[in-house]
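We're numbering straight along the sequence, starting at 1. Atoms within a ligand are numbered from 1 in the order they appear, just like the ligands themselves.
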Amino acid sequence: MGKQEGEYPLCRVVCFILISLFSPNSAADGRISLGMSINDSQTIVSPNQRFELGFFTPGNSSLRYLGIWYKNIPAHTVVWVANRDNPLTNSSGLLTFGDKGNIVILNQAGGSILWSTNSSGAATSPVAELLDTGNFVLRDGDQDGSTEKYLWQSFDNIFDTLLPGMKLGWNKRTGLNQHMTSWKSINDPSSGDYTYTVDPLGLPQLVLRRGSTKLFRSGPWYGPGFSGVPAVMTNPVFEPKFVINSDEVYYSYDTMDGITSRFVLSPSGFVQHWSWNDRRSSWNLVFTDPGDRCDNYGLCGSFGLCDNNNSTICSCMRGFEPRSPQDWGVLDWWGGCVRKNKDVCGNGEGFIKLRGVKLPDASEFLVNVSMTIDDCKAECLRNCSCVAYAKLEVGGKGNGCVTWSRELIDTRAVADFGQDIYVRVAASDLAISRAESRRDDDLELPLYDFATIRTATNNFSTANKLGEGGFGPVYKGELQSGQEVAVKRLGENSGQGLREFKNEVIFISRLQHRNLVKLLGCCIQGDERMLIYEYMPNRSLDALIFDEESRHLLNWQKRLDIIIGIARGLLYLHRDSRLRIIHRDLKASNVLLDSDLNPKISDFGMARMFGGDQTEGNTKRIVGTYGYMPPEYAIDGNFSLKSDVFSFGVILLEIVSGKKNRGFFHAEHNLNLLGHAWKLWNEERSLELVDPSLENQFPESEVLRCIHVGLLCVQQKPEERPTMPTVVLMLDSESTMLPEPGRPGFYAERCLSETESSSLGKLMSNEMTVTLLEGR
Ligand SMILES: *[C@@H]1O[C@H](CO)[C@@H](O)[C@H](O)[C@H]1NC(C)=O
Ligand SMILES: *[C@@H]1O[C@H](CO)[C@@H](O)[C@H](O)[C@H]1NC(C)=O
Ligand SMILES: *[C@@H]1O[C@H](CO)[C@@H](O)[C@H](O)[C@H]1NC(C)=O
Ligand SMILES: *[C@@H]1O[C@H](CO)[C@@H](O)[C@H](O)[C@H]1NC(C)=O
Ligand SMILES: *[C@@H]1O[C@H](CO)[C@@H](O)[C@H](O)[C@H]1NC(C)=O
Ligand SMILES: *[C@@H]1O[C@H](CO)[C@@H](O)[C@H](O)[C@H]1NC(C)=O
Ligand SMILES: *[C@@H]1O[C@H](CO)[C@@H](O)[C@H](O)[C@H]1NC(C)=O
Ligand SMILES: *[C@@H]1O[C@H](CO)[C@@H](O)[C@H](O)[C@H]1NC(C)=O
Ligand SMILES: *[C@@H]1O[C@H](CO)[C@@H](O)[C@H](O)[C@H]1NC(C)=O
Ligand SMILES: *[C@@H]1O[C@H](CO)[C@@H](O)[C@H](O)[C@H]1NC(C)=O
Ligand SMILES: *[C@@H]1O[C@H](CO)[C@@H](O)[C@H](O)[C@H]1NC(C)=O
């Protein structure tokens, strides 16, 4: 097999001539039957001259072996060897039939058997045949040759070469385990140190070993190919497959007619894919594995991630850190990484998505080919020893799930060809990664377990109840870790399907701004839907500004900070979040305050997302809160970014005055707060609007400017109201000239009460969010 790669044209020709010369007695029909034999100078050629079987001497060796090589390719390339561990020392070898019709290799001189097939089924008229596939088969000549009932076949005895149609793997029924074994050297076909196998108890993947040491693995088969070997993907001339069923687990491939292709495990331990190039008359190396540093098995240790494009090569997965920073410092990564925060069992943990990786190896894992990715996630979340999950489509039915426990080894970046894996991390790491991430769908929202939430809220006890929103009660809870949360338990008749709920929750979870309340996760159980938010110790703005006692705690500077904070949060929703969002229910009770009294907008339950340039909409289902709804929305269901601007203006005037717009009463007139503010503005008495509890401790120009902006926001016509970017600018810069405010919408509250049906009056008597199914 010396001229394996065909790089010596002259020698090739000589070889060809030699082979032709020494094959005067080849069995041209490709078969021998009982009574026939093949001696050292004879060969068997397959029907279409594709393969030839006979005795040969590899490289510079002096020993003789029986093997199969390509007949129609000038490079003498051996693909199979029979007596690899038991060679002949001279040309006295003979291939013939022995006991029970088995094929044997004899030493003509001594008569000793050097090699024999192991067929147990005795054939009375055995036929040995070399097929055009390169398969040398033994069958019962009394049977029709087309039935392919072989008593023995060389394809069941894979050595270093995998030909199209060979099955590398396990047959559980027959117990046959086929793996590739390297030659010791190019001169010696006896078994070398390297093997390439399908591990019957492992993931559906191929593993290269030297002795028992793993050197490389293909990565799990996930459907179109192996997770980490982009070269072995289906293409027009090459069709790989991985079969997993109750009988068999094997890898195999086919090629288009006319393509000559072979996989070889080389004596030096490389898996090479060669294809014959007729034009250049030489073998073309399609790929070699292992191919780069990251192919080295487990280079970055457990929970490490190998990236060949990165100068640092190894890094830890998010939520993990080097086990030994010293070792990593000197580029010894084998120790791998450990979890930073070990709190990953029933405490708001979730999954971080790693994109484009070769799925990791594992000592412990579970594969379920009929599980959907959603079930897979739920299964993994439920079991605290599950560290990751991924889609693994082996059955070709679109489903398939693999979950890992303990550790993740040998994960590498393979860019566009890789898979996505979801790695379990603690709630805190999720939050960090969410803040760091610029890619939206990288994140998975934590799903809290119902029992966890029930315990955290003392069984949803009345004592824990913080309040009742339009969509259900809100409870205070404390997780096992001590973290305080607010749990919003949505009413059963919130009218939302599970899918919509999830979509909405995921969409809300993408909103990250210091002036928006942070959603930590959600909980779904049966009909129960809950949202888990960060807990705000100072509750909502309305509880502070409308309370006789508490309002004294808010000086002017604090109030201005709150106004600007709300404006920034709203600006983020409208413009900066990339998802254009209209809140639709902005009001004082939806503005929560953290321990430093920073405002955070909450309750995006009715928020609407807009695509592209869409800025307006219309709805038949009007939801909102009287006193904060602009006229075009309350009357016609028209909503736009300007609806939120109106609500913001109302809140602003409420903060300045310390009075509620709804239920505002003044002895002199029937106007509501908006009308009152506008009246004072026109009479240049605006400072009279300011909350007396401020005791005149404020810069007048700042306060006047604020009221001015508030009045601009609540103007009747949406097109006359400023946009949020303009509002923020107006509030921030003293110098900007402001237009005169026009008449506010709903400036006399009773106008509405009189024109609407009386039943609304009842609804309007409290602060709750209302839903009107009428409208347009
Ligand atoms: C092989 O058999 C053929 C025909 O019987 C004979 O001519 C030839 O000498 C034999 N060669 C060897 C090496 O035995
Ligand atoms: C055969 O070739 C190998 C290298 O391929 C060399 O190491 C060895 O010495 C050679 N043996 C003989 C007998 O020439
Ligand atoms: C061939 O080698 C065998 C031992 O391997 C020996 O018994 C036999 O005599 C040899 N025959 C010839 C012709 O040298
Ligand atoms: C046949 O079986 C024997 C004993 O089990 C074994 O040593 C030998 O390698 C087998 N031969 C083949 C060709 O499988
Ligand atoms: C390389 O890896 C480091 C550590 O994980 C990471 O911070 C950096 O962004 C990576 N660089 C590139 C070019 O991917
Ligand atoms: C695989 O998942 C399906 C669907 O969830 C389930 O019915 C089946 O029992 C699972 N099989 C195993 C072996 O766990
Ligand atoms: C959790 O997963 C481990 C590892 O796969 C398994 O041994 C254990 O039985 C599972 N526990 C439950 C409750 O399913
Ligand atoms: C590495 O860089 C090359 C060239 O830019 C790119 O084609 C390849 O996809 C990158 N691989 C990974 C794993 O990012
Ligand atoms: C919680 O409520 C359920 C149902 O009302 C009840 O069975 C259970 O005992 C309660 N658990 C606690 C700790 O109060
Ligand atoms: C806000 O919360 C902090 C921390 O709980 C508390 O110390 C402070 O008194 C609260 N402020 C108001 C105005 O309630
Ligand atoms: C609502 O929108 C429609 C169509 O754009 C418009 O005709 C109507 O006047 C609007 N209603 C109000 C109150 O602005």
- Message: Quick check: Glu632 and ligand 11, any N/O pair under 3.5 Å apart?
- Response: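 N/O-N/O distance under 3.5 Å: no.
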Lys/Arg N to Asp/Glu carboxylate O, [X] vs [Y], below 4.0 Å:
X	Y	result
Arg64	Asp40	yes
Arg382	Glu349	no
Asp420	Lys391	no
Lys377	Asp375	no

- Task: Before signing off on this row, confirm whether Thr89 and ligand 3 have an N or O atom pair separated by under 3.5 Å.
- Result: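 N/O-N/O distance under 3.5 Å: yes.
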- Close-contact set for ligand 11 against Asn638 heavy atoms, below 4.0 Å: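 What qualifies from ligand 11 is 1 (C), 2 (O), 3 (C), 8 (C), 10 (C), 11 (N), 12 (C), 14 (O).
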- Pick one of side chain, backbone, both or neither for how Asn107 approaches ligand 3, counting any non-hydrogen atom pair under 4.0 Å.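 The answer is the side chain.
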- Heavy-atom side-chain contact between Cys386 and Trp404 under 4.5 Å: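 Contact flag for Cys386/Trp404 side chains = no.
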Give a yes or no on whether the backbone of [Y] and the side-chain of [X] come within a donor-acceptor separation of less than 3.5 Å.
X	Y	answer
Asn661	Leu673	yes
Asp247	Arg173	no
Asp636	Asn638	no

- Message: I'd like the contact residues of ligand 6, where contact means a heavy atom below 4.0 Å.
- Response: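 These residues qualify: Asn368, Ser370, Met371.
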- Could you list the atoms of ligand 3 found under 4.0 angstrom from a heavy atom of Ser92?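 Checking each atom against Ser92, I get 1 (C).
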